[in-house]
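For reference, the structure is listed below as structure tokens.
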Amino acid sequence: MQEKYLPSEIEHAAQVQWTASQTYRARDDSDRPKYYCLSMFPYPSGRLHMGHVRNYTIGDVLARYHAMRGFNVMQPMGWDAFGLPAENAAIANNVPPAAWTYANIDHMRTQLQALGFAIDWSRELATCKPDYYRWEQWLFTRLFEKGVIYKKMAMVNWDPVDATVLANEQVIDGRGWRSGALVEKRDIPMYFFRITQYADELLSGLDSLPGWPERVKTMQANWIGKSVGVRLAFPLEFDGKQDKLWVFTTRADTLMGVTFVAVAAEHPLATRAARDNPALAAFIAECKQGSVAEADMATMEKKGMDTGLKVTHPLTGESIPVWVGNYVLMSYGEGAVMAVPAHDERDFGFAQKYDLPIKQVIEAGDIREAKKAIKAGGLTEKGLAQCEQVLSGSQFTPERWQVWYEEKNGVCVKSGKYDGLDYTAAVDAIAADLAALNLGEKKIQFRLRDWGISRQRYWGCPIPIIYCDSCGDVPVPAEQLPVVLPEDVVPDGAGNPLNKRADFVDCSCPKCGAPARRETDTMDTFVESSWYYARYACPNFDGGMLDARANKWLPVDQYIGGIEHAILHLLYARFFHKLMRDEGLVAGDEPFVNLLTQGMVIADTFYREAPDGKKIWFNPADVVVDESGARLKSDGQPVIVGGTEKMSKSKNNGVDPQALIDQYGADTARLFTMFAAPPEQSLEWSDAGVEGAHRFLKRLWKMAYEHVQGGAVAAFAGGELPEAAKTLRRQLHQTIQKVSDDIERRKQFNTAIAAVMELMNALARLDGDDATTRSVRQEALEAAVALLAPMVPHISEALYAELKPGAAMAWPAVDEAALVQDEIEFMLQVNGKLRGQIRVAATATREAIEAAALASEAAQKYLEGKPPKKVVVVPGRLVNIVV
RNA sequence: GCCGGGAUGGCGGAAUCGGUAGACGCAGCGGAUUCAAAAUCCGCCGCUGGUAACAGUGUGGGGGUUCGAGUCCCCCUCCCGGCACCA
């Protein structure tokens, strides 16, 4: 055995051996229970970053643990290879996105392999390859024919200078990232997935996912946003014609308090009103400036303008003004809202700003109670004062409006026949009256919108549609698929370069044979990442999208990925699974049984501002920070510190793990990443601490080396032990228990590692070279090495081979007999404060424990001879004496 | 703005079901070894007072429930993620 721990040597040897013997090949034909462990596949951005290392190490720990437990494990890997950064790189370096992407994949594959992940590389896939996206195009045509995919107009960010659609990320402070031009909203035709048709199932399906974090399910449920309300109409007359303005509201009980209605700038009524109203037209044009991102819409100043139009209140017949409001979203509900300033925060702010009437129609519950109590009489002085205080707020004033709009348990007032009704009763009564007038009905409304997938970009999966002047939008027939994306294109940032490629665009109509044009839009990259998990089961199948193996491996037993994917990616993948199920391609309802959302790896950001106001971001590795501030290493000039954020390409704050691997080896990088923070928490990167992880591995190596030098010995197999060895064995088996539980149930690896560290510290203190002690040491070392194997597989394998030559490393078993304790230590509290300890036999009764506690010196000191008020005994833990 | 999450020593974090706050590691300090250094080994290490024993205090801030709160409830502050064309 080597005396020194040489990571590069043992890691290389282990990896070569794993590859040669196909150790991590998932068996399609095995009868052992399957365990499909999937980590979210990477975007091939260039090099691995720490987030990848964290993600894949978590997956690898779980995969290796289950393999040691006898499962037939599948851990695949692939590349989410289409996307915007490849086009940006192309523009910056004048290389085709394809070449850039393939080079990145090759480099990152090497890096992943150097980390020693137990990946079945025979299943590798890349979404930019025709043999993958071909089936996505095939499914698209099927769904298009079924009507699950349809075409409609939708709003995008438009850069008028570059004449191109911008991603939200490319809009910076309302301007295009390259041109600096003010961004406009523009309506263009797009293809949509009818995800709203599955809204109810996507919502109720969350209940069938006990293995998902609560927070993720809550986020998804809120995103789907099912609300029960009333869709109702305000009749109006326009251009001499009778019409209706429809709105959706969850607060129909406040209908009698409506003082105006507001429509979105894009609403047809606004457009019509603006025809002969230049001021309104100008205001609408202003609303159409800026990005389409919801966050921008929600944080901008609420503005509006009276259209001059009036609608009729459906129940009172009152005339109500129609406003255009920049805060009304065309994409939600009807694109119009009824405004009740007295009981809605946003309406209130708007009414205050434009001096619109505010009409109270709900009385708060506490005010009602106070009025009742005073009327009934017999109040104490204090009670009366309380009631009066409540009533002092009962006059509606703008300063006190929160009391009114926040009130959920109020009743209707000043609402005619609805006075005195609570929320449910009022909504029911009003909905019934509206229905009788044919002016409304109860309706379920989702916040979820249909999924627009058209992207006016080159580097994506082509949408398989052909435009024919006589036949219209024709899906490409299956036998003509795939529609192959040419890979020799270099985009220039101004529009989709496919439009300039006659060899791509020109084609003939599959129906009539006439000359036709190919769609040049590509699909949202979320489409590729919505079904890759299923394709891993049969990546080489060329007869269809999936074969029978999909149902052998699915559902995924453990999915691991960043919390930033909690809503969109995971919702789309769940949706796609249901689409594939309804096509008869997969059997189950949900794709991922257990989900682990790792926290982000965050790091400092540094930037400089260019003369045109753009920010240029610098990598932390290229920056030195000291008392004088942050400076760029290359030129010594200062840079601005931008705060600690998620490691990302756009902020250029990713830390390259390669240096770590080169200096300390993969095991150290893996160990440190798992040890630094629990998986679900965000991990602030710092280089300090890596040294400690490496030191631990060196110590482990040294202890094993010294033990092995002493000659062969069998692991402890039973019999009486001296006290020190017995205690160590108890700790050993407690550690096995804890590490198993930490990995399998808690999925918290930092504490598992800490427990093994404690064990090693104890083992280092165990003296004695007699045969018995050595046999206990052998047992402990074998177990410790096996417990660490999921985290640090290379060193574990090397050490196990030295400790127990020729044996296969299995997960250690707990010896229940070793766990038995004779005496237990109880904490002694007096009035909840720790005052001492007592030792009691493990078999002691509650009475005996109590007696021992009261008899203790500490208790006597605080009792001062008096009997205790109360004694609380927590079994196995503590005694609290209340004096 | 809306939805979700977080805050514990100088730092990363532990405390799993309301029961010893600070495990484990980093940094620091002291010592051993060494010609010296690195490496390694041993010890100390929340804060305040005290030579010490010990006492008080302490989990972002304020309030509450409880014999007992880092953990549960209410209010607030700050930080992070998502917000539908970044992936």
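All chains are named by letter (A, B, ...) in the order of the sequence lines, taking the proteins before the strands, and each is independently numbered beginning at 1. Only heavy atoms go into these numbers, but all of them, side chains included; no hydrogens, no water, no symmetry mates.
Take the nearest nucleotide of RNA chain B for A:Y572 and for A:V216: the residue whose nucleotide is more 5' is A:V216. Nearest-nucleotide positions on RNA chain B place A:R695 closer to the 5' end than the other of A:R695 and A:I188.
Residue A:R447 places its side chain closer to B:A84 than to any other of B:A84, B:C86, B:C85. Here B:A84 is the nucleotide among B:A84, B:C67, B:C24 with the atom lying nearest to any side-chain atom of A:A293. Residue A:E294 places its side chain closer to B:A84 than to any other of B:C3, B:A84, B:A87. For A:V156, whose side chain is taken as the heavy atoms from C-beta onward, the closest listed nucleotide among B:C85, B:G82, B:C24 is B:C85. Listed nucleotides: B:G81, B:C85, B:G1. Nearest to the side chain of A:M219: B:G81.
Between A:P678 and A:E680, every side-chain heavy-atom pair lies at or beyond the 4.5 Å cut-off.
For A:K747, there are no salt bridge (Lys or Arg N to Asp or Glu O under 4.0 Å) partners two or more places apart in sequence or in a different chain. The ring-ring contact (aromatic ring centres under 6.0 Å, His included) test applied to A:H565 returns A:H569, not counting sequence neighbours. When the side chain to side chain donor-acceptor pair (under 3.5 Å) test is applied to A:W451, the partners found at least two apart in sequence or on another chain are A:D524. Partners of A:Q445 under the side chain to side chain contact (heavy atoms under 4.5 Å, CB included) rule, at least two apart in sequence or in another chain, are A:S227, A:F248, A:Y332, A:K443. Judged as a ring-ring contact (aromatic ring centres under 6.0 Å, His included), and not counting sequence neighbours, the contacts of A:Y198 are A:F575. Under the salt bridge (Lys or Arg N to Asp or Glu O under 4.0 Å) criterion, A:K185 pairs with no residue at all, not counting sequence neighbours. In this structure A:Y458 satisfies the ring-ring contact (aromatic ring centres under 6.0 Å, His included) test with no other residue, sequence neighbours excluded. Partners of A:R745 according to the salt bridge (Lys or Arg N to Asp or Glu O under 4.0 Å) rule, which considers only residues two or more places apart in sequence or in another chain, are A:D741.
Atom CZ of A:R699 is separated from atom P of B:A39 by 16 Å (rounded to the nearest Å). Taking atom CG of A:D159 as the reference point, atom P of B:C85 lies 18 Å away to the nearest angstrom. As a whole-Å value, the separation of A:F446 CZ from B:C83 P is 22 Å.
Comparing the same atom, C1', in B:A14 and in B:A23 gives a spacing of 5 Å after rounding to whole Å. One P atom belongs to B:A32, the other to B:U71, and the distance between them is 46 Å to the nearest Å.
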Polar atoms only, N or O, under 3.5 Å: list the protein pairs with nucleotides 52-60 of chain B and their distances.
from, atom 1, to, atom 2, distance (Å)
B:U57, OP2, A:K833, NZ, 3.4

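With the 3.5 Å cutoff on both pairing distances, Watson-Crick and G-U pairs in RNA chain B assemble into runs of at least 3 at B:1-7 with B:77-83, B:10-12 with B:24-26, B:28-32 with B:40-44, B:46-49 with B:54-57, B:60-64 with B:72-76.
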Mark up nucleotides 13-20 of chain B, 5' to 3', with B wherever a protein heavy atom is under 4.0 angstrom from a base atom, S wherever such an atom reaches only the sugar-phosphate, and - elsewhere. SSSB--BB

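In this structure, A:K702 reaches the sugar-phosphate backbone alone: every heavy-atom distance under 4.0 Å involves primed, P, OP1 or OP2 atoms, never a base. Among the protein residues, A:M523 comes within range of no part of the nucleic acid, since none of its heavy atoms lies under 4.0 Å from any strand.
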Only distances under 3.5 Å count here; give the side-chain donor-acceptor pairs of residues 150-157 of chain A to other protein atoms, sequence neighbours excluded, each with its distance to 0.1 Å.
from, atom 1, to, atom 2, distance (Å)
A:Y150, OH, A:D450, OD2, 2.5
A:K151, NZ, A:Y467, OH, 3.3
A:K151, NZ, A:D473, OD2, 3.2
A:N157, OD1, A:V292, N, 2.7
A:N157, ND2, A:L166, O, 3.2
A:N157, ND2, A:N168, OD1, 2.8

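Ring-centre distance between A:W701 and A:F696: not below the 6.0 Å cut-off.
When the side-chain nitrogen and oxygen atoms of A:R455 are compared with OP1 and OP2 of B:C85, one or more of them lie within a distance under 4.0 Å.
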